[in-house]
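First up is the structure itself, then whatever we jot down about it.
Counting from 1, the numbers follow the sequence of the chain as shown. No experiment lies behind these values; they were computed from the predicted model shown. Indexing begins at 1, ligand by ligand and atom by atom, following the structure's order.
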Amino acid sequence: MYMYVYATRKTSRSVDCRWQRGGNASNTCTVLSQLGSSCEFFGTLSAEEHLSFLQNDMQNYNIDYSHCPMIKNIGCPTSIVILSLRSGSRTILHHNPNLPELTLKNFEQLHLEDYSWIHFEGRNLTEVLSMMQCVENYNNMLNYSQDTNSKETKSSRAPITISVELERPRQELLDLLPYADVAFISKDFAQSRGYDNMSETLKNISEDAKSGATLICAWGDRGAMARTPDNIIVQSPAFPPQKVVDTLGAGDTFNAAVMHFLNKAKLEFIKRGKLKSCEMNSALQKDVEIKRNIKMNYNIESLECSHTEFITQNVLEAAVSFACQVAGAKVGLKGYNKLD
Ligand code: ADP
């Protein structure tokens, strides 16, 4: 939960104040849903005050939360966000009354065959690591059953794409990298490692990533850069709005837009196998508002779908450009209300 206060100067009254659902995964779900991807939020929810606000809001955005464990007698984590009207900068006071994090046991309740992509937040490391391993085992089993049973349909049995965000400046998050097909590296994390630009970050982080992983690094008004599974670097500038109003959740928005784009590319890849660029263009652009500069030219020959085979240079370049446009639009808005 966020409480937003809009302030002009230190001693002045705030000009506005509102409540907003928050948290990285929850924000990412909001944007995914607005872009037209069906998605589920999976995290612990406090059964105390604010629960109905959170549930109503998720229902409004069509976000599934049906598997979330409800925790009694512990309050919901809250943040007070002070936004500067002049610069759009934010000051955040966070309070967490120790709401427990998800466990592997919670995760094992899910039916993995229902998911095409699972994004993890790098939080409670040991548990998240086990969850990622659990998905990896599922994917390995799938490959095995595809080998031994040729009747298995690829569309319903494609491997789950595993992504993770290394967001907070905690070095131990690097342990999650070997399990990620797609990794988002935040500017804060990169700077905590002593890197001061995106190419330095991608070059160094790739040493810890699994082979064939896609790495993506966003950097505020410098836009974003990414590395394909084949080690090709692609880049997009930022798309600043006329006025920067609210940068909170820019990274979550960026991640959601990349995932929306790449997951659509994956599903189209599985469905059609061999793609023509015009078919892909219309399939991807049909349900999104922001279409400027999205150029695609798919040269996909194979019918097989491995974890990252669908992420070609052109696909990734278009995904990163799209995400910078969506995130640029978001920083021009209070919250997310007019993204859809
Ligand atoms: P966060 O601060 O939430 O971690 P980032 O700095 O990673 O967010 O920014 C994510 C993306 O949001 C950037 O790649 C960029 O496209 C967009 N963005 C963020 N800040 C701005 C800004 N001031 N102007 C334009 N785009 C921005």
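When only non-hydrogen protein atoms are considered, atom 11 (C) of ligand 1 lies nearest to A327 CB, 3.8 Å. The protein non-hydrogen atom at the shortest distance from atom 25 (C) of ligand 1 is P240 CA, 3.6 Å. Among all protein heavy atoms, the one lying closest to atom 2 (O) of ligand 1 is R90 NH2, 3.1 Å. Annotation: atom 26 (N) of ligand 1 to nearest protein heavy atom, A238 CB, 3.8 Å. Scanning the protein heavy atoms around atom 8 (O) of ligand 1, the nearest turns out to be G251 N, 3.2 Å. Nearest protein heavy-atom neighbour of atom 22 (C) of ligand 1: D221 CB, 3.9 Å.
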Set out, in order, the CA-CA distance, both residues' side-chain angles and the distance that settles salt bridge (charged side-chain N to carboxylate O under 4.0 Å, His left out) for D181 and K210, then state yes or no. CA-CA 8 Å; D181 302 312; K210 92 172 178 193; 2.8 Å; yes
Pair Y65-L54, side-chain contact (heavy atoms from CB on, under 4.5 Å): steps then yes or no: CA-CA 10 Å; Y65 55 87; L54 294 174; over 6 Å; no
Working note: I233 + L202, criterion side-chain contact (heavy atoms from CB on, under 4.5 Å); need CA distance, chi angles, decisive distance, verdict. CA-CA 9 Å; I233 299 292; L202 292 178; 4.0 Å; yes
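In N62, the CG atom is not crowded: 12 or fewer heavy atoms of neighbouring residues, nucleotides or ligands sit closer than 6.0 Å. The environment of CD in E49 is sparse: at most 12 heavy-atom neighbours from other residues, nucleotides or ligands sit within 6.0 Å.
Inter-residue side-chain proximity for F42 and F120 is flagged as unmet; no heavy-atom pair is nearer than 4.5 Å.
Taking each of S186, G220, A250 in turn, the one with a heavy atom nearest to atom 27 (C) of ligand 1 proves to be G220.
A donor-acceptor distance shorter than 3.5 angstrom exists from the side chain of T228 to the backbone of N231, with no hydrogens or angles considered.
Every atom of ligand 1 is numbered from 1 in the order shown, and the set under 4.0 Å from a heavy atom of K187 is 6 (O).
Below 3.5 Å of separation, one finds an N or O of G223 facing an N or O of ligand 1. Below 3.5 Å of separation, one finds no N or O of F254 facing any N or O of ligand 1.
The proximity of R222 to ligand 1, defined as any non-hydrogen pair under 4.0 Å, does not occur for either the backbone or the side chain.
Remark: D246 does not engage K334 in a salt bridge, criterion side-chain N to carboxylate O under 4.0 Å.
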